[in-house]
J.: 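Sharing a structure, written as structure tokens. Questions coming.
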Protein chains: 2
Amino acid sequence: MKIGEIARRTDTPIRLLRYYEEQGLIEPDRMPNGYREYDEHLVDRVHQIRGLLDVGLPTRVIRQILPCLNEPQTIHMPYITPDMVETLEHERDRMAEKIRYLIRNHDAINAYLDATERHASEE
Amino acid sequence: MKIGEIARRTDTPIRLLRYYEEQGLIEPDRMPNGYREYDEHLVDRVHQIRGLLDVGLPTRVIRQILPCLNEPQTIHMPYITPDMVETLEHERDRMAEKIRYLIRNHDAINAYLDATERHASEE
DNA sequence: TTTGACCCTCACATAGGTGTGAGCCTTCAG
DNA sequence: CTGAAGGCTCACACCTATGTGAGGGTCAAA
């Protein structure tokens, strides 16, 4: 599909699709006329990228961990460097921290909303 | 305590402590000589702010939800507007989404690391 | 009284993600 | 053939969190 369609389907500005490409996160083919050609699987990929950006990872990190996330993993198993392992462990731990943090705050907001609701219905 | 100490204790650049203040996230007192004076409870507060920034919330949002998180909540119960409730619900839902997202990716990285480890030990 | 550590404000700079427009080419329907 | 829609590159602009430095005050210990 062309850029306009994937933009619609992923609800992502065209500008950003080109930016993600520039950052090495996606590599659409090119048609003979120079137009970008997006394979179906890139739809998921774009969603994934946006999700990771949304939780605060920079493109530099996303570029590194993306290949390990939902591809046929066994293929590049042997190619992984100790350096990569370290990055992955580090990001995994950071994610765990963020998860704990988000849960705590999510629950706190929830408790607060519950309390206000109860408070309101008691009047 | 003065800014240098809270900076050390929260591992936060002084520059950012002043920035958080400028953004209305903390309000340290002032000493007669103009120095900022930080109460003990601001240590937690700063940690909280940094945590929220780290998971991708902008200061604008943090400013809104912070008062609801770990204070004696009953006090400002009655002051909450429907508008605020909406913001809180929205942010709570966004947090839930991020949590799901992070867990999925955290687990994926973990699975990948496990697999590489198993792979390595089988050789 | 001087020195050094620490504080103040102001202000310009940077990096990353994103917005926006100019100038130009391709494709397709009317 | 023409016009509209959509594609391309390039480039400047913006916002937010953060870095950094200048110029200057406060205070305590030597």
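Hydrogens, waters and symmetry mates play no part in the numbers below; they use all other heavy atoms, side chains included. All values reported here derive from a predicted model rather than from experimental measurement. Here is how names work: the chains are called A, B, and so on, in the same order as the sequence lines, proteins then strands, and each is numbered from 1.
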J.: List the atom pairs, with distances to 0.1 Å, where a side-chain N or O of residues 84-97 of chain B and a protein N or O form a donor-acceptor pair under 3.5 Å, not counting sequence neighbours.
T.:
{"residue": "B:Thr87", "atom": "OG1", "partner": "B:Asp83", "partner atom": "O", "Å": "3.2"}
{"residue": "B:Arg92", "atom": "NH1", "partner": "A:Asn110", "partner atom": "OD1", "Å": "2.8"}
{"residue": "B:Arg94", "atom": "NH2", "partner": "A:Asp54", "partner atom": "OD1", "Å": "2.9"}

J.: Would you kindly give the CZ-to-C1' distance between B:Arg18 and C:dT9, to the nearest whole Å?
T.: 8 Å
J.: Does a salt bridge link A:Glu21 with A:Arg45, judged by any charged N lying under 4.0 Å from a carboxylate O?
T.: no
J.: Please name all residues satisfying side chain to side chain contact (heavy atoms under 4.5 Å, CB included) with A:Asn33, sequence neighbours left out, ordered by chain then number.
T.: A:Met31, A:Tyr35
J.: Between which nucleotides of DNA chain D, read 5' to 3', does contact with chain B run, using atoms under 4.0 Å from its heavy atoms?
T.: D:dT16 to D:dC27
J.: Are A:Arg30 and A:Arg36 close enough, and set up right, to give a side chain to side chain contact (heavy atoms under 4.5 Å, CB included), and what steps lead you there?
T.: CA-CA 5 Å; A:Arg30 293 294 178 135; A:Arg36 272 164 259 251; 3.0 Å; yes
J.: Please list every donor-acceptor pair under 3.5 Å in which a side-chain atom of residues 8-17 of chain A meets a protein atom from a residue at least two apart or in another chain.
T.:
{"residue": "A:Arg9", "atom": "NH1", "partner": "A:Glu40", "partner atom": "OE1", "Å": "3.4"}
{"residue": "A:Arg9", "atom": "NH2", "partner": "A:Glu40", "partner atom": "OE2", "Å": "2.6"}
{"residue": "A:Thr10", "atom": "OG1", "partner": "A:Ile6", "partner atom": "O", "Å": "2.6"}
{"residue": "A:Thr10", "atom": "OG1", "partner": "A:Thr12", "partner atom": "OG1", "Å": "3.0"}
{"residue": "A:Thr12", "atom": "OG1", "partner": "A:Thr10", "partner atom": "O", "Å": "3.0"}

J.: If you restrict it to nitrogen or oxygen atoms, what contacts under 3.5 Å exist between nucleotides 11-14 of chain C and the protein, and what is each distance?
T.:
none

J.: In Å, rounded to the nearest 0.5 Å, how long is the span from CZ of B:Arg100 to CD1 of A:Ile99?
T.: 12.5 Å
J.: Using the side chain to side chain donor-acceptor pair (under 3.5 Å) criterion, which residues pair with B:Tyr20? Sequence neighbours excluded.
T.: B:Arg50
J.: Given atom CG of A:Leu16 and atom P of C:dT20, what is their separation to the nearest angstrom?
T.: 11 Å
J.: Among residues 88-102 of chain B, which ones have heavy-atom contacts with DNA chain D below 4.0 Å?
T.: none
J.: Which ones in residues 50-62 of chain A lie close to DNA chain D, meaning a heavy atom under 4.0 Å from one of its atoms?
T.: none
J.: Between CG of A:Leu69 and CG of B:Asp107, what distance do you get to the nearest 0.5 Å?
T.: 11.0 Å
J.: Test side chain to side chain contact (heavy atoms under 4.5 Å, CB included) on A:Tyr38 and A:Ile26 and set out the steps.
T.: CA-CA 9 Å; A:Tyr38 294 82; A:Ile26 49 181; 4.2 Å; yes
J.: Quick one: do A:Lys98 and A:Leu57 satisfy side chain to side chain contact (heavy atoms under 4.5 Å, CB included)? Show the steps, please.
T.: CA-CA 11 Å; A:Lys98 289 185 183 189; A:Leu57 278 72; 4.2 Å; yes
J.: I'd like to check the side chain to side chain contact (heavy atoms under 4.5 Å, CB included) partners of A:Asp29; sequence neighbours left out, ordered by chain and number.
T.: A:Glu37
J.: Looking at residues at least two apart in the chain, or sitting in another chain, which of them share a side chain to side chain donor-acceptor pair (under 3.5 Å) with B:Glu27?
T.: none
J.: Mind listing the residues from residues 19-37 of chain A sitting with a heavy atom below 4.0 Å of DNA chain D? Number order is fine.
T.: A:Arg30, A:Gly34, A:Tyr35, A:Arg36
J.: With B:Tyr101, which residues qualify under side chain to side chain contact (heavy atoms under 4.5 Å, CB included), at least two apart?
T.: A:Gln48, A:Leu52, B:Arg104, B:Asn105
J.: Side chain to side chain contact (heavy atoms under 4.5 Å, CB included) for A:Ile65 and B:Tyr112? Distances and angles first, verdict last.
T.: CA-CA 10 Å; A:Ile65 69 177; B:Tyr112 184 81; over 6 Å; no
J.: Can you tell me how far OG1 of A:Thr59 sits from CD of A:Glu22, rounded to the nearest 0.5 angstrom?
T.: 9.5 Å
